[in-house]
Amino acid sequence: MRIWVGIVLAVVAGVAVSVLTGVALSLAASPPSQLQASVHGYVQTPAGRLPHAFLTIATYPDSLAGEHGTSGGAHPDWVSYGPSTNLQVPAHALVTMTIRQYDSGGTIYNPYFAQVQGTVGGTAIVNGKTVTAIPQGTVAHTFTLHMFPANQPALFISVPLPAVPGNAPNLANGYPRPNVVTFSFVTGGPGRYVWNCEYPCGTNYRGFGGPMSTQGYMAGTLTVG
Ligand SMILES: [Cu+2]
């Protein structure tokens with residue numbers, strides 16, 4: 001009996017230590033500063049009259065223009081989203097997102113992610129033209145929003161971002177002329193979601209390591225509410 005009590009106490013202590021370690025780690029890795037959508041008026045949607053929120057971000061072939069500072073931080077050569085990967089939008093709103101895409105690309109393995117998913121009308125506007133998909137061989141990155149496995153409103157969006165030609169000349173900001181992709185989606189109640197890129201633009205693991213699996217580069221969070 002005493003042995004069993006000892007084992008139980010040891011297990012409880014082990015769990016407590018690992019929980020505290022987890023808390024310490026999550027506090028140590030402070031999230032990047034939050035980029036909040038700005039609301040401008042109301043708009044009529046299939047879900048009724050809703051506040052209209054706007055958010056603009058960009059994708060870069062390096063990490064010199066985003067949340068890592070002009071020196072690029074620990075991995076200046078990693079592809080990145082900017083100015084922040086920690087996004088916030090209002091609940092029960094129409095969110096119109098614009099992504100300025102400055103990077104080259106190639107062929108995405110899974111054709112599903114060359115299609116526009118989950119946006120209003122199932123479409124995105126690429127350089128002024130409405131599309132439901134882009135050619136599978138011309139993808140630079142995707143903005144793919146997933147749910148945490150939690151009790152919160154369903155929200156899934158995936159938008160492919162077309163590549164800039166690899167030989168396109170750089171402009172004054174050090175990057176070529178971007179492809180501008182705009183799309184809208186309707187938010188429900190409050191929730192917390194993760195997003196990432198599904199184009200293998202990273203390192204290792206067939207291009208799915210490094211920046212692909214690291215918040216602040218090709219992965220981030222989106223808070224609704
Ligand atoms: Cu990417």
Side-chain angles (χ1 to χ4, degrees), residues 29 31-32 35 55-70 72-87 89 95 97-119 124-127 131-148 155-168 170 173-183 185 193-222:
L35 179 65
L55 194 59
T56 298
I57 56 176
T59 47
Y60 300 101
D62 51 37
S63 61
L64 303 175
E67 61 202 48
H68 307 283
T70 49
H75 305 285
D77 58 337
W78 278 12
V79 288
S80 70
Y81 268 88
S84 175
T85 54
N86 176 5
L87 311 177
V89 299
V95 178
M97 251 181 106
T98 298
I99 304 180
R100 304 172 76 78
Q101 197 303 104
Y102 291 94
D103 200 6
S104 58
T107 300
I108 197 163
Y109 298 138
N110 186 341
Y112 180 84
F113 290 110
Q115 299 165 10
V116 181
Q117 313 281 349
T119 63
I125 299 170
V126 176
N127 299 331
V131 303
T132 56
I134 66 172
Q136 197 179 340
T138 65
V139 178
H141 302 287
T142 77
F143 180 82
T144 302
L145 184 70
H146 308 266
M147 295 177 64
F148 277 126
L155 190 58
F156 174 73
I157 298 155
S158 185
V159 178
L161 308 175
V164 168
N167 60 358
N170 283 346
N173 66 355
Y175 299 111
R177 195 158 68 89
N179 286 320
V180 180
V181 181
T182 302
F183 55 92
F185 58 95
Y193 305 83
V194 291
W195 57 266
N196 67 286
C197 169
E198 294 290 345
Y199 176 75
C201 59
T203 55
N204 306 326
Y205 317 116
R206 290 180 65 87
F208 279 95
M212 282 291 279
S213 48
T214 309
Q215 169 149 23
Y217 295 92
M218 281 284 133
T221 54
L222 181 128

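Note that this is a predicted model, so its numbers are computed, not measured. Numbering of ligands and ligand atoms starts at 1, following listing order.
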**Report entry** Environment of the Cu ion (ligand 1) in terms of protein N/O/S atoms, cut-off under 2.8 Å
**Finding:**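 H141 ND1, C197 SG, C201 SG, M218 SD, with waters left out.
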
Query raised in the report: Do V139 and P162 have side chains that get closer than 4.5 Å, going by heavy atoms?
Result: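 No - every pair of side-chain heavy atoms lies 4.5 Å or more apart.
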
Query raised in the report: Are any of the side-chain heavy atoms of H146 and W195 separated by less than 4.5 Å?
Result: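 Heavy-atom side-chain distance check fails, nothing below 4.5 Å.
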
Query raised in the report: Taking all atoms of both residues into account, what is the closest heavy-atom pair of P176 and Y102, and its distance?
Result: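 Taking P176 first and Y102 second, the nearest heavy atoms are O-CD2, 3.2 Å.
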
Requested in this report: Only counting residues at least two apart or in another chain, list the ones meeting side-chain hydrogen bond (donor to acceptor under 3.5 Å, both in side chains) with Y193.
Outcome: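 Scan of Y193 (side-chain hydrogen bond (donor to acceptor under 3.5 Å, both in side chains), adjacent residues dropped) gives none.
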
Requested in this report: Consider only side-chain N and O atoms of D103 and Q101, and report whether a donor and an acceptor are under 3.5 Å apart.
Outcome: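 There is no such pair between these side chains.
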
Query raised in the report: With respect to Y60, which candidate in Y175, Y81, W78 satisfies the ring pair (Phe, Tyr, Trp, His ring centres under 6.0 Å) definition?
Result: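 The single option meeting the ring pair (Phe, Tyr, Trp, His ring centres under 6.0 Å) with Y60 is Y175.
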
